[in-house]
Amino acid sequence: MSIKDDKVKYVARLARLKLTDQEVSLIARQLDGILGYVDKLNERLDISKDVPPMSHPHAASNPFREDKARPSAPSEAVLSNAPQKKGDFFKVPRIIEE
Amino acid sequence: MDNLYSLTANELLALMDKRSVRPEDIIESVCSRAQSVDGKVKGYLSIDREGALARAAAAGSRAAQGKLRGIPVAIKDNICIEGELTTCASKILRGFRPPYNATVIEKLKAEGAVVLGRANMDEFAFGSSCENSSYFPTLNPWDTSRIPGGSSGGSAAVVAADEAVMALGSDTGGSIRQPAALCGVVGMKPTYGRVSRYGLIAFASSLDQIGPLTKDVRDSALLLGVIAGYDEKDSTSVNIPVPDYLSCLTGDIRGMKIGIPKEYFVDGMDKEVDAAVKEAIALLKGKGAQVSEVSLPHTEYAVAVYYILATAEASSNLARFDGVQFGHRCEDPQNILDMYERTRGEGFGAEAKRRIILGTYVLSSGYYDAYYLKAQKVRALIKDDFDRVFKAGLDCILTPTSPTPAFRVGERSSDPLSMYLSDIFTISVNLAGVPAISVPCGFTKSGLPIGMQLIGDFFREGKILRAAHAYECYTDWHKRSPIL
């Protein structure tokens with residue numbers, strides 16, 4: 001499967017990642033090599049349908065803790081790394097058009 | 001007496017017990033060593049000498065408390081320390097000071113350890129050479145024209161160069177074991193779930209583990225015992241008791257059943273690595289280990305599976321770096337989308353971008369079944385391979401850690417696939433979730449360290465520590481130090 005520049009641009013959009021044209025063509029070329037390598041899974045390995053996909057090394061179970069209120073981190077500390085803030089909030093460019 | 005900086009934690013603790021050494025003496029010795037050699041090695045992003053001295057003095061006055069009292073430890077730059085710069089060696093996290101400590105940092109502090117500095121790494125742990133740091137590459141203390149391995153290259157290099165007594169790293173596909181092998185130190189990836197990842201900045205959440213890099217196996221057992229254990233803040237940590245790992249070190253290998261997987265001795269492997277590992281096998285056999293050949297038939301698919309699953313998880317985990325809550329934000333964004341795209345385009349390095357694109361691609365509509373789902377199924381087969389041989393009664397599996405010794409700076413940086421293949425012997429362990437340790441087992445003629453890997457069954461760290469320690473008792477590779 002060969003990956004084209006416009007596919008990389010499309011995926012970069014999905015990932016919210018700005019790439020230069022140079023980066024796009026470099027990544028397209030490198031992904032061709034990497035996907036060519038990982039295609040060995042499709043070419044050489046026949047997997048019967050009953051192999052369950054593994055997402056995690058241990059049997060999944062949802063750990064619960066007691067449903068009890070406890071203090072969270074102070075908002076001052078949480079906001080201390082914010083690139084921009086206003087009062088107790090993270091400030092970002094306008095999202096809803098007027 | 002030897003220089004303090006060259007001693008292990010266990011040796012230093014014994015000296016402190018006899019009151020012949022104070023914690024401040026150790027910090028002074030290690031800091032001046034770092035001052036004289038780190039210009040060549042570049043293992044540290046920062047060293048907090050004054051803070052470390054103050055904390056060491058406090059540790060001393062608390063008398064003989066704590067399993068790691070006064071021991072200076074280097075911390076990989078992806079483990080959160082409250083109020084201290086934590087950047088994953090990435091531009092996108094420049095200036096980030098976490099408002100909390102990782103659980104492993106709390107545990108180190110509770111046992112009196114002294115955090116000495118931040119160890120360099122490949123950006124977000126993406127790499128096997130430490131060349132992907134957005135600051136500068138770390139160099140191999142044995143030959144500074146070569147890489148130290150990665151991604152925990154800084155952690156391995158500072159321990160090898162006696163600039164720290166021990167270090168913490170993280171291992172997603174070999175990031176503790178491969179640099180440990182290439183720098184001639186001991187590195188362990190514990191069982192998935194053995195050590196809390198709370199406060200470890202996530203790369204691939206189904207694979208990441210924090211683990212120790214140390215000068216010998218006894219120190220590895222000591223440090224693992226401190227950081228292991230259940231943590232309600234990490235829902236993937238497993239609630240089973242932590243054994244006394246130091247008591248597992250019997251100093252003898254007799255009766256242990258060791259499997260040698262034929263798939264790990266492949267064409268294209270460095271001849272000196274092959275010879276050193278085979279010599280180690282012969283030695284252990286001579287000392288009474290029961291050695292047999294085994295097969296892990298799905299080994300050849302591990303790298304392919306890994307680069308699908310690890311990049312998919314990374315692309316998702318790295319979505320949080322968007323310029324909203326922390327780190328870098330682009331100048332004058334036109335709108336929110338522009339802010340996300342430019343912030344991330346400016347903040348991430350080349351390898352991070354490549355992995356985000358690959359990971360997003362394999363998860364995207366139309367490719368999910370062919371790549372992601374298929375990889376998850378093959379992952380199950382790789383884990384079954386391990387389950388089968390351990391159920392048949394093996395105590396551990398012995399393999400080379402890396403197919404080659406340390407390569408030259410720049411040798412693989414323009415070819416991502418050749419870099420990915422450096423992890424060919426370490427990746428299956430993360431996919432399965434089992435523990436493994438790398439120990440020094442020789443040197444090339446040109447003086448580069450060679451490491452071998454011992455893999456254990458789930459939560460059987462004690463067994464691989466016992467085997468690794470026995471090997472150390474029969475050899476003295478781990479006692480050699482680079483000349484800097």
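First the proteins, then the strands, lettered A, B, ... as listed; each starts at 1.
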Between A:L19 and chain B, which part of the residue has a heavy atom less than 4.5 Å away: side chain, backbone, both or neither? side chain
Select, from A:T20, A:L41, A:I34, A:I27, the one with the greatest count of heavy-atom pairs under 4.5 Å involving chain B. A:L41
Given that the side chain runs from C-beta out, which part of B:I308 has a heavy atom under 4.5 Å from chain A: side chain, backbone, both or neither? side chain
Quick check on B:Y420 against chain A: is it the side chain, the backbone, both or neither that has a heavy atom closer than 4.5 Å? side chain
Are side-chain N/O atoms of B:S90 and B:E123 paired as donor and acceptor at under 3.5 Å? yes
Residue from B:R97, B:R342, B:E82, B:M339 scoring the most non-hydrogen pairs under 4.5 Å with chain A is B:R97
Pick from B:Y340, B:F458, B:F96: which one has the most heavy-atom pairs with chain A under 4.5 Å? B:F96
With a 4.5 Å heavy-atom cut-off (strictly below), which parts of residues 80-88 of chain A touch chain B? List them by number. A:N81, A:A82, A:P83, A:Q84
So for B:L421, is it side chain, backbone, both, or neither that comes closer than 4.5 Å to the heavy atoms of chain A? side chain
B:T343 side, atom OG1; B:E331 side, atom CD - distance, nearest 0.5 Å: 10.5 Å
Under 3.5 Å, is there a donor-acceptor pair between the B:T299 and B:D385 side chains? no
B:E346 versus chain A, the contacting section by heavy-atom distance below 4.5 Å: neither
Contacting moiety of B:F348, where chain A heavy atoms sit under 4.5 Å: side chain
I need the residue from B:P333, B:A432, B:G433 with the largest number of non-hydrogen atom pairs under 4.5 Å to chain A. B:A432
Heavy-atom proximity to chain B below 4.5 Å, by part of A:E23: side chain
Select one option (side chain, backbone, both, neither) describing which atoms of B:Y306 are under 4.5 Å from chain A's heavy atoms. neither
Segment of B:V303 engaging chain A (4.5 angstrom heavy-atom cut-off): both
Could you tell me the separation between the OH atom of B:Y301 and the NZ atom of B:K374, rounded to the nearest 0.5 Å? 9.0 Å
Sidechain N-carboxylate O distance under 4.0 Å for A:R13, B:E341: yes
Is a donor from one side chain sitting under 3.5 angstrom from an acceptor on the other, for B:Q376 and A:S55? no
Ring geometry between B:F321 and B:F124 (parallel below 30°, tilted from 30 to 60°, perpendicular above 60°): tilted
Are B:Y100 and B:Y198 close enough that their ring centres sit under 6.0 Å apart? yes
Could you measure the distance from the CZ atom of B:R197 to the CG atom of B:N78? Nearest 0.5 Å is fine. 12.0 Å
With a 4.5 angstrom heavy-atom cut-off, which part of B:K383 approaches chain A: side chain, backbone, both or neither? side chain
Taken in chain and number order and not counting sequence neighbours, the residues that satisfy ring pair (Phe, Tyr, Trp, His ring centres under 6.0 Å) with B:Y230 are none
So for A:A15, is it side chain, backbone, both, or neither that comes closer than 4.5 Å to the heavy atoms of chain B? both
Before you tell me yes or no, could you show the steps for B:I201 and B:L93 under side chain to side chain contact (heavy atoms under 4.5 Å, CB included), namely the whole-Å CA-CA distance, both residues' side-chain angles and the distance that decides it to 0.1 Å? CA-CA 11 Å; B:I201 297 175; B:L93 269 177; 3.9 Å; yes
With rounding to the nearest 0.5 Å, note down the distance linking OG in B:S237 to CZ in B:R194. 9.0 Å
Checking heavy atoms, do the side chain of B:S414, its backbone, both or neither come under 4.5 Å from chain A? backbone
Below 4.5 Å, heavy-atom pairs only: which of A:L79, A:L45, A:V92 has the largest tally toward chain B? A:L45
Which bit of B:Q325 comes within less than 4.5 Å of chain A, counting heavy atoms only: side chain, backbone, both or neither? both
Find the one option among B:L431, B:L358, B:I356, B:L318 whose heavy-atom pairs under 4.5 Å with chain A are most numerous. B:L358
Rounded to the nearest 0.5 Å, the OG atom of B:S315 sits from the OH atom of B:Y361 at a distance of 14.0 Å
Could you walk me through whether B:F386 and B:S428 pass the side chain to side chain contact (heavy atoms under 4.5 Å, CB included) check? CA-CA 9 Å; B:F386 284 101; B:S428 299; 3.8 Å; yes
As an exercise, state the distance from CG of B:N430 to CD1 of B:I382, rounded to the nearest 0.5 Å. 11.0 Å
Does a side-chain heavy-atom distance below 4.5 Å link A:K9 with A:D21? yes
Please classify the contact of B:S364 with chain A as side chain, backbone, both or neither, using a heavy-atom distance under 4.5 Å. side chain
